[in-house]
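Data block below; observations after.
Note that these values count all heavy atoms, side chains included, but never hydrogens, waters or copies made by symmetry. Note that this is a predicted model, so its numbers are computed, not measured.
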Amino acid sequence: MDVRTLGVAVVGFGWMGRVHAQAYQRVPHHFPQLPVRAELMAVAEEVPGRAEEAAAQFGFASTTRDWRDVAADPRVHAVSITAPNFLHREIGVAMAEAGKHIWIEKPVGLTAEDARAVSEAVAKAGVRGTVGFNYRNAPAVAYARELIASGELGTVTHIRVRLFSDYAAHPDGALTWRYERARGGGGVLGDLASHGVDLARFLLGDIASLAADTAVFIPERARPTGATAGHTLATGGELGPVENEDYVNCLLRFASGARGVLEACRVSVGEQNNYGFEVHGTKGAVFWDYRRMGELGVSRGTSYQDQPVSTVFVGPGHGAYGAFQPGAANAMGYDDLKVIEAHAFLRSVAEGTSHGATLDDAVHSATALDAMSRSAAQGTWVDLG
């Protein structure tokens, strides 16, 4: 098999930048038949010293504090965009116009207009674009989708999607860009509900309309005094307002006629990555909890009432599981989902055909998020058509 090298760069090297770098390096171990190999050519990070640390740890060939250097670098053919949300549009459009394929983290900007601008730039340039909706990559989620599509559950009637986390629950959490409307967009809508919308669409198809309610539960936070990464605590700094949402709940109506409930919160004390869904049909149901990622609760049959639920441990026949483990019930983790995503991106580049979550998926998700904001402000249902 002929294997060609693809020069890649990472723009923004916080936690997610590290995850992308690791994923590129692991792809050949799990997908050895892929005819391209990523070579880490450049890393861009504006925080002093962070790019140099990344190069020393992961082997990037060069470093810069300005992402524009990456756009101009002829050695770079593909770019991971893991910078903060407010930079997604500018960087995404520029990289596409420079002829770079892009793997960009959700939510792809702050609004549907931002996501659409990146999508249009990618299409016009003829490059490939993959988006970081990683939870759809879980083998159990792939199996759930298969059961739904096959009719095993009958006609799907409703879905409940939850995304509860405590990452912003501490009142001393620093007032970073994540809590500003101009740089962090809709808060928990972009952080978590974007994943919920993608999961709902991935499983049940397009959303036709929705009605939402939002809230801010911690209205003020202290401003940090230095560079931050992740969810840093800060005390003693000047207090400033939290401008975007801590919480959202949303009623969904799907084009298929199914109904749904989506709820997301970033300040849920006692909840660590409590993400999952329940899908009910006229003959059965499926249940998934991210914290038990390799398990899928399945109820099917002809009993209807008092029908039992069985736990299926996913195995090599489900999604991309076989690329990681030889037998069912061996655990997979979050980083494995990003390796699957990296493979989809590199495969898209190699074949010239999209695999995995695309910019079109990002536009659909962002459109729903914008509609949630409008619905919450107006107190009305909003059509997505």
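With a 4.5 Å cut-off on side-chain heavy atoms, Met372 and Leu210 count as touching. Side chains of Lys100 and Val76 form a contact here, defined as non-hydrogen atoms less than 4.5 Å apart. In this structure, the side chains of Arg292 and Thr311 stay at 4.5 Å or more apart for every pair of heavy atoms. A heavy-atom distance below 4.5 Å is not found between the side chains of Val286 and Glu152. The shortest side-chain heavy-atom distance between Met16 and Val19 falls under the 4.5 Å cut-off. By the 4.5 Å heavy-atom criterion applied to side chains, Leu251 and Val261 are counted as neighbours. Side chains of Arg201 and His364 form a contact here, defined as non-hydrogen atoms less than 4.5 Å apart. Annotation: side chain of Phe254 is in contact with side chain of Ile159 (closest heavy-atom distance under 4.5 Å).
The side-chain contact (heavy atoms from CB on, under 4.5 Å) test with Val131 is passed by exactly one of Leu359, Ile81, Asp361, Ile102: Leu359.
Taking the six-membered ring where the residue is Trp, Phe31 and Phe324 present perpendicular rings, their angle passing 60° and hence far from 30°.
Of the charged side-chain nitrogens involved, none lies within less than 4.0 Å of a carboxylate oxygen, so that Lys106 and Asp198 do not count as a salt-bridged pair. The pair Arg136-Glu341 fails the salt-bridge criterion, with no side-chain N (NZ, NE, NH1 or NH2) lying under 4.0 Å from an Asp/Glu carboxylate O. Between Glu52 and Arg65 there is no salt bridge, since no side-chain nitrogen of the basic residue lies less than 4.0 Å from a carboxylate oxygen of the acidic one. Between Asp383 and Arg253 there is no salt bridge, since no side-chain N of the basic residue sits under 4.0 Å from a carboxylate O of the acidic one.
For Tyr334 and Trp15, the distance between ring centers is under 6.0 angstrom. Ring pair Tyr321/Tyr143: centre-to-centre distance not below 6.0 Å.
Both Leu262 and Tyr135 are assigned to one and the same hydrophobic cluster, defined by single-linkage of ILVMFWY side chains at heavy-atom distances under 4.5 Å. If you chain together hydrophobic residues whose side chains sit under 4.5 Å apart, Val363 and Ile91 never meet in one group. Hydrophobic clustering places Leu40 together with Val43 (ILVMFWY residues linked when any side-chain heavy atoms are closer than 4.5 Å, directly or through intermediates). Both Val298 and Ile148 are part of a single hydrophobic cluster, where members link through side-chain heavy atoms under 4.5 Å apart.
One distance of note links CG of Asn85 with CD of Glu180; it measures 12.0 Å at 0.5 Å rounding. A distance of 8.0 Å separates CG in Asn137 from NZ in Lys338, rounded to the nearest 0.5 Å. Interatomic distance, Asp166 CG to Asn273 CG, rounded to the nearest 0.5 Å: 8.0 Å. Leu296 CG to Ser310 OG: the interatomic distance, rounded to the nearest 0.5 Å, is 10.5 Å. Taking CG from Leu110 and CG from Asn244, the interatomic distance works out to 10.0 Å, rounded to the nearest 0.5 Å. For the atom pair Tyr275 OH and Met293 CE, the distance stands at 13.0 Å (nearest 0.5 Å).
At a cut-off of 3.5 Å, with distance as the only test, a side-chain donor of Ser354 or Arg128 sits close to an acceptor on the other residue. Arg291 and Asn274 share a side-chain donor-acceptor pair at under 3.5 Å. His20 and Glu105 are linked by a side-chain donor-acceptor pair at a separation below 3.5 angstrom, with hydrogens and angles left out of the test.
Within 6.0 Å of CZ in Arg160 there are 12 or fewer heavy atoms belonging to other residues, nucleotides or ligands. For CD of Gln325, the number of neighbouring non-hydrogen atoms (other residues, nucleotides, ligands) closer than 6.0 Å is greater than 12. By the neighbour-count criterion of 12 heavy atoms within 6.0 Å, atom CD of Glu113 is sparsely surrounded, having that number or fewer from other residues, nucleotides or ligands.
A distance-only check finds no donor-acceptor pair linking the side chain of His77 to the backbone of His101 [under 3.5 Å]. Here the side chain of Thr155 pairs no donor or acceptor atom with the backbone of Thr282 at under 3.5 angstrom.
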**Request:** Evaluate the criterion salt bridge (charged side-chain N to carboxylate O under 4.0 Å, His left out) for residue pair Asp335 and Arg26; output intermediate values, then yes/no.
**Result:** CA-CA 10 Å; Asp335 286 3; Arg26 289 182 56 194; 5.2 Å; no
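The cationic group of Arg183 lies under 6.0 Å from the six-membered ring centre of Phe86 and within 45° of the ring axis, placing it in a cation-pi geometry. With a 6.0 Å cutoff to the six-membered ring centre and a 45° limit on the axis angle, Arg221 counts as a cation-pi contact of Tyr179.
The hydrophobic cluster containing Tyr247, built from Ile/Leu/Val/Met/Phe/Trp/Tyr side-chain heavy atoms closer than 4.5 Å, also comprises Phe217, Ile218, Val267.
Applying the side chain to side chain donor-acceptor pair (under 3.5 Å) criterion to Asp73, with sequence neighbours excluded, gives Arg75.
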